[in-house]
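One structure is given below, encoded as structure tokens.
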Amino acid sequence: MAGRHWSHKAQQGSQPDLVPLNGSLILFDVDGTLLDAGDLIARTMIEAFLAAGEAPPRTADVRSIIGLSLPEMVAHLADKQSADLQAKILSGYRLRYFDLVEQEETPEVFPGADKALRRLREAGFVLGLTTGKARRSTEFMLSDNNWGQYFHTVQCADDNPSKPDPTMVRRAMMATGRSIGETLLVGDSRYDMRMARAAGIRAVGVNWGYNQGVELLSEGAICVARDFEHLAALLLPEAVV
């Protein structure tokens, strides 16, 4: 069956309006928060290690560090290997991931994500992404889900240091004209919480991702959402999504 090819850009969705003068900024992580990408990422990483002639990491070990940018993930999992071998694994991962997307094997959206994003935008919030994904795959994901209309700022791994460095958050605030007190981050990993803490902003954890809610609370989350309906209720106390 013919699939999508990465050399052809996905059809562009509608773009967001100009950044509103009012409304707080809510920054979302992607993998583990909006997309259920854990199995795909783990399987691709294992295959990349095997292709490089190395013993593969455990699925649980890969899932536990989702949130880091890809080079940092490989460096963590192959910390005893040479830089050349790490580069081979990294390259193999990227090629395999692109092949999977071409075959239309893309991560599922977590239930309720689209409805919650739409409700938050309609309520006047300014939305942004802070993700360890590459810009190429992030833009494809946005177009594939018709989410380009929701986000005023998209901070990716290509242009920023890996989480938990706070640069993504600071650039998102600068791009939207929001202050620390007007910004909140939503994420599923310890790296999201640490990034928020380093940037001086509040963070809400989600318990459907790859780190436990109790760990997110210990890392500084002000609360942990059970699902997207609960998240919307936390951010919009009168909301029904």
Side-chain angles (χ1 to χ4, degrees), residues 25-45 57-70 72-73 76-77 97 106-117 119-120 125 127-134 137-138 141-142 145 147 150-151 153-157 160-169 172 183-199 201-235 241:
L25 171 63
I26 302 178
L27 299 172
F28 282 88
D29 169 57
V30 176
D31 292 329
T33 301
L34 297 176
L35 298 185
D36 189 5
D39 289 343
L40 180 62
I41 291 171
R43 188 171 78 250
T44 307
M45 187 67 75
R58 298 184 307 163
T59 295
D61 291 337
V62 179
R63 290 171 66 95
S64 72
I65 60 170
I66 292 174
L68 293 175
S69 298
L70 182 58
E72 283 70 24
M73 289 183 70
H76 181 89
L77 294 168
Y97 188 86
T106 52
E108 294 292 328
V109 175
F110 281 111
D114 184 77
K115 189 179 292 186
L117 291 174
R119 180 67 184 90
L120 291 170
F125 286 99
L127 304 184
L129 293 179
T130 50
T131 176
K133 295 173 74 68
S137 56
T138 301
M141 177 274 297
L142 288 172
N145 292 291
W147 283 355
Y150 294 141
F151 297 102
T153 179
V154 177
Q155 302 297 324
C156 300
N160 296 282
S162 177
K163 301 173 184 179
D165 184 285
T167 300
M168 287 189 193
V169 173
T183 305
L184 179 141
L185 183 140
V186 177
D188 75 296
S189 79
R190 66 182 73 90
Y191 307 112
D192 294 314
M193 303 301 107
R194 292 173 186 174
M195 180 174 67
R197 190 168 69 243
I201 66 170
R202 296 166 298 159
V204 172
V206 302
N207 73 353
W208 54 82
Y210 310 128
N211 289 172
Q212 296 295 317
V214 65
E215 182 177 5
L216 302 182
L217 290 170
S218 71
E219 291 284 359
I222 58 176
C223 56
V224 176
R226 298 185 300 271
D227 51 33
F228 272 101
E229 185 174 1
H230 184 211
L231 177 65
L234 291 170
L235 300 176
V241 297

When you measure from the side chain of [X] to the backbone N and O of [Y], does any donor-acceptor pair fall under 3.5 Å?
| X | Y | result |
| --- | --- | --- |
| D192 | S189 | yes |
| Y210 | A37 | yes |
| D61 | P57 | no |
| S137 | A134 | yes |
| W208 | R226 | no |

Got a second to check how far [X]'s [atom1] is from [Y]'s [atom2], nearest 0.5 Å?
| X | Y | atom1 | atom2 | answer |
| --- | --- | --- | --- | --- |
| L27 | T130 | CG | OG1 | 5.0 Å |
| K163 | L185 | NZ | CG | 6.5 Å |
| S162 | H76 | OG | NE2 | 11.5 Å |
| N211 | S64 | CG | OG | 7.5 Å |
| M195 | R197 | CE | CZ | 12.0 Å |
| K133 | T138 | NZ | OG1 | 5.5 Å |

query = Taking only residues two or more places apart in sequence, or in another chain, which ones meet D188 in a salt bridge (charged side-chain N to carboxylate O under 4.0 Å, His left out)?
reply =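 Salt bridge (charged side-chain N to carboxylate O under 4.0 Å, His left out) check on D188 returns nothing, list empty.
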Side-chain contact test, heavy atoms from C-beta onward, threshold under 4.5 Å: evaluate it for [X] versus [Y] and give yes or no.
| X | Y | value |
| --- | --- | --- |
| V224 | L217 | yes |
| Q212 | N207 | no |
| M45 | L77 | yes |
| T167 | P161 | yes |
| I66 | M73 | yes |
| L34 | L117 | yes |
| L35 | V109 | yes |
| L231 | E229 | no |

request  = Determine, stepwise, if the pair L184 / L25 fulfils side-chain contact (heavy atoms from CB on, under 4.5 Å).
outcome  = CA-CA 6 Å; L184 179 141; L25 171 63; over 6 Å; no
request  = Give me the ring orientation class for F151 and F28: parallel if the planes are under 30° apart, tilted from 30 to 60°, perpendicular past 60°.
outcome  = perpendicular
query = Are there more than 12 heavy atoms of other residues, nucleotides or ligands under 6.0 Å from atom CD of E108?
reply = no
request  = Applying side-chain contact (heavy atoms from CB on, under 4.5 Å), run through Q155 and L129 and close with a yes or a no.
outcome  = CA-CA 6 Å; Q155 302 297 324; L129 293 179; over 6 Å; no
Restricting to non-hydrogen atoms, name the atom on [X] and the atom on [Y] that form the minimum distance, rounded to 0.1 Å.
| X | Y | value |
| --- | --- | --- |
| F228 | P111 | CD1-O, 3.4 Å |
| A196 | R202 | CB-O, 4.3 Å |
| P107 | D36 | CB-O, 3.8 Å |
| M193 | G187 | CE-O, 3.6 Å |
| A199 | V169 | CB-CG1, 3.6 Å |

query = Would you call R190 and E219 a salt bridge, using N to O less than 4.0 angstrom?
reply = no
Audit row: L120, L235, side-chain contact (heavy atoms from CB on, under 4.5 Å) steps and yes/no = CA-CA 8 Å; L120 291 170; L235 300 176; 4.0 Å; yes
task = Would you check if there is a donor-acceptor pair between the side chains of W147 and D114 at a distance under 3.5 Å?
result = yes
